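One structure is given below, encoded as structure tokens.
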Amino acid sequence: MSLNMRNLYFIIIAVVVLLFIPLLAMQFTKEVNWDLFDFIAASVLLMGAGLAGVIILMKVRKIEFRFILLFLLLMVLVITLAELAVGIFGSPLTGN
């Protein structure tokens, strides 16, 4: 199996829809203040996670391993986004 264009289009559409959430929130509140770099960073992370998820689904045959790997991928994505957003670990990436 290979990554077909339908999978790629689905990932791109999902990333665009997810990025519309902060864009819309910026129109209604001052609490969300993203600049171009934030949108680029989020899109790279989401695209990478989407592509990695599709690769996991294509390459891993055992359903138990799929769930474990997809769960770990989701946790890494959430922790990375949380670190970049609010600096929960105080790493140099967040400016702390």
Side-chain angles (χ1 to χ4, degrees):
M1 282 195 199
S2 66
L3 181 68
N4 60 22
M5 292 306 288
R6 189 177 66 171
N7 288 342
L8 187 60
Y9 290 148
F10 178 76
I11 294 169
I12 291 170
I13 290 170
V15 168
V16 169
V17 167
L18 286 172
L19 289 177
F20 266 118
I21 295 170
L23 184 66
L24 261 163
M26 287 174 49
Q27 307 307 313
F28 297 107
T29 181
K30 298 292 181 192
E31 298 295 321
V32 180
N33 186 18
W34 284 30
D35 58 2
L36 182 62
F37 176 75
D38 296 322
F39 282 100
I40 292 171
S43 64
V44 168
L45 285 171
L46 291 171
M47 282 291 294
L51 290 173
V54 169
I55 291 170
I56 289 170
L57 290 174
M58 288 189 316
K59 298 293 182 183
V60 178
R61 295 289 176 216
K62 291 191 77 166
I63 195 76
E64 297 86 15
F65 292 146
R66 278 186 181 184
F67 281 129
I68 291 169
L69 290 174
L70 289 173
F71 178 77
L72 289 174
L73 177 66
L74 181 65
M75 289 300 104
V76 167
L77 176 67
V78 168
I79 289 171
T80 303
L81 288 173
E83 175 63 22
L84 290 174
V86 295
I88 57 175
F89 299 118
S91 71
L93 288 173
T94 60
N96 291 332

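Note that the structure is a prediction, hence the values are computed from the model and not measured. Positions are given from 1, in the same order as the sequence printed here.
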Show me the donor-acceptor pairs within less than 3.5 Å that the side chains of residues 36-51 make with the rest of the protein, sequence neighbours left out.
{"residue": "Asp38", "atom": "OD2", "partner": "Asp35", "partner atom": "N", "Å": "3.1"}
{"residue": "Ser43", "atom": "OG", "partner": "Phe39", "partner atom": "O", "Å": "3.1"}
{"residue": "Ser43", "atom": "OG", "partner": "Ile40", "partner atom": "O", "Å": "2.8"}

Atom pairs and distances, side-chain donor-acceptor, residues 12-33, under 3.5 Å, sequence neighbours left out:
{"residue": "Gln27", "atom": "NE2", "partner": "Leu23", "partner atom": "O", "Å": "3.3"}
{"residue": "Thr29", "atom": "OG1", "partner": "Glu31", "partner atom": "N", "Å": "3.1"}

Return a table of donor-acceptor pairs under 3.5 angstrom between the side chains of residues 65-74 and protein atoms on other chains or two or more places apart.
{"residue": "Arg66", "atom": "NE", "partner": "Val60", "partner atom": "O", "Å": "2.7"}
{"residue": "Arg66", "atom": "NH2", "partner": "Leu57", "partner atom": "O", "Å": "2.8"}
{"residue": "Arg66", "atom": "NH2", "partner": "Val60", "partner atom": "O", "Å": "3.4"}

